[in-house]
Amino acid sequence: MLRLVAIRLFFGLLTLWAVSVVVFAATQALPGDAALMILGRDATPERVAALRDQLNLNAPVTVQYAQWLQGVVQGDLGTSYSNRSPVTEVLNGPIGASLTLMGLAALVATPIALAVGAFSALRRDRAFDHTTSLGTLVTAAIPEFVVGILLILALGPGGLDVFPSVYSRNGGPEQWVLPVLTLAFAVAPPIVRMMRATMIEVLESEYVQQARLKGLDERTVLTRHALPNAIGPVAQVVALQLAWLAGGVVAVEFLFNFPGIGKVLMDAIENRDVPLVQAVVLLIAGVYILVNLAADVLGLAANPKVRVAR
């Protein structure tokens, strides 16, 4: 197990390095002059040239990348061009807000999706099963920002007017409802479908049939034999969906004007704040890779052949 985890950790770090190369190259290709955007169009050429020297923008691209990567390894993400503050300070609040939003979405979506998937398997080929299968298929095909717009039209000011559609610093907890529901609707369908398929396979297995033949009641068969064996494969899908949240939260935050890393990223791109763009994208990629690594570990731990292999 340790050897397999170490191999996956190595490839995860290798992937993160490749992402850093792509992110740095993409930000370098952004149009416009960062120094000119900071100082404004009325700045003199001398001031622009001095700021370019200060920001090390005249150095070769390879030198700039090496210095940036060294800073990232040391925990220094650079200085924001927009407000001249360290990037780590700029991201402190938004990171906490985004993690809270993703955590609430996961807490809402995961148990409900697992319960719906398991119940759908128990009611296989009945009305509930057909309705659930159709509903999850349609929901999975709709982009998350469209789901958010539909929720705004239904529950926001354009519909029942139950919840606010735009986040406000002076607002109450109710303004979290629509962003959380949007993310929950986005991640739940794959979990429901995977839980249903796995549960059907487990219920048809020989050891579950044997438990029933021994006279065990159905609740004991489900809780002690079926569910524990169904959770293992589904855990990987849950982890992958939670990893998707790291990127999917960007569009949702922009839609609801939520003060998280998504809004910071959009503002940074608009202002050509290269260090901030690089830091946010690298952070999202790091979270995605880390959660995927956790999914791999869960998959290995759930595989008896791996656990007992010498």
Side-chain angles (χ1 to χ4, degrees), residues 5-41 43-96 98-99 243-251 253-254 260-294 296:
V5 171
I7 292 173
R8 279 159 173 76
L9 181 60
F10 169 76
F11 281 107
L13 293 175
L14 188 63
T15 304
L16 190 59
W17 170 77
V19 169
S20 72
V21 174
V22 174
V23 169
F24 189 85
T27 52
Q28 291 296 314
L30 288 175
D33 188 340
L36 186 60
M37 294 191 68
I38 295 172
L39 296 175
R41 297 188 178 276
T44 62
E46 292 77 12
R47 291 186 61 192
V48 174
L51 184 57
R52 286 185 61 85
D53 289 335
Q54 181 183 349
L55 298 177
N56 201 31
L57 298 177
N58 294 322
V61 175
T62 53
V63 175
Q64 294 184 46
Y65 172 74
Q67 293 177 346
W68 173 70
L69 185 62
Q70 181 181 1
V72 170
V73 173
Q74 296 174 350
D76 180 12
L77 298 176
T79 303
S80 171
Y81 289 169
S82 302
N83 50 26
R84 307 303 299 159
S85 299
V87 171
T88 51
E89 293 183 5
V90 176
L91 292 179
N92 274 341
I95 288 176
S98 293
L99 289 178
W244 174 89
L245 283 175
V249 73
V250 173
E253 288 182 353
F254 182 74
I261 57 173
K263 189 174 185 301
V264 171
L265 178 60
M266 295 299 182
D267 293 341
I269 293 175
E270 182 179 355
N271 298 327
R272 205 181 185 279
D273 195 338
V274 173
L276 199 52
V277 173
Q278 293 170 340
V280 173
V281 176
L282 197 63
L283 176 66
I284 292 174
V287 172
Y288 191 88
I289 292 172
L290 182 63
V291 179
N292 272 276
L293 177 63
D296 284 342

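- Taking Asp267 as the reference, Lys263 meet the side-chain hydrogen bond (donor to acceptor under 3.5 Å, both in side chains) condition, with sequence neighbours excluded.
- Residues satisfying the side-chain hydrogen bond (donor to acceptor under 3.5 Å, both in side chains) test with Thr79, not counting sequence neighbours, are none.
- Of all non-hydrogen atoms in Pro94 and Val90, the two that sit nearest each other are CD-O, 3.3 Å.
- Taking CG from Leu99 and CG from Leu245, the interatomic distance works out to 10.5 Å, rounded to the nearest 0.5 Å.
- Across every non-hydrogen atom of Ser80 and Leu276, the tightest pair is OG-CD2, 4.4 Å.
- Rounding to the nearest 0.5 Å gives a distance of 5.0 Å between CG of Leu283 and CD1 of Ile95.
- Remark: Leu16 pairs with Leu282, Ala285, Ile289 by the side-chain contact (heavy atoms from CB on, under 4.5 Å) rule, at least two apart or across chains.
- In terms of heavy-atom proximity, Ala246 sits nearest to Val287 at CB-CG1, 3.7 Å.
- In this structure, Gln278 and Val72 have side chains that are not in contact, with every pair of non-hydrogen atoms separated by 4.5 Å or more.
- Expressed to the nearest 0.5 Å, how far CD1 of Ile261 lies from CD1 of Ile284 amounts to 4.5 Å.
- Annotation: side-chain contact (heavy atoms from CB on, under 4.5 Å) contacts of Val22 (sequence neighbours excluded): none.
- For Leu77 against Ala279, the heavy-atom pair with the smallest separation is CD1-CB, 3.9 Å.
- The shortest heavy-atom contact between Ser98 and Glu253 is OG-OE2, 2.5 Å.
- When the side-chain contact (heavy atoms from CB on, under 4.5 Å) test is applied to Val277, the partners found at least two apart in sequence or on another chain are Thr27, Leu265, Ala268, Ile269, Val281.
- For residues 280-291, there are no side chain to side chain donor-acceptor pair (under 3.5 Å) pairs, not counting sequence neighbours.
- Taking the side-chain hydrogen bond (donor to acceptor under 3.5 Å, both in side chains) definition, one finds that Glu89 meets it with nothing, sequence neighbours left out.
- Partners of Tyr65 according to the side-chain contact (heavy atoms from CB on, under 4.5 Å) rule, which considers only residues two or more places apart in sequence or in another chain, are Trp17, Ser20, Val21, Phe24, Trp68, Leu69.
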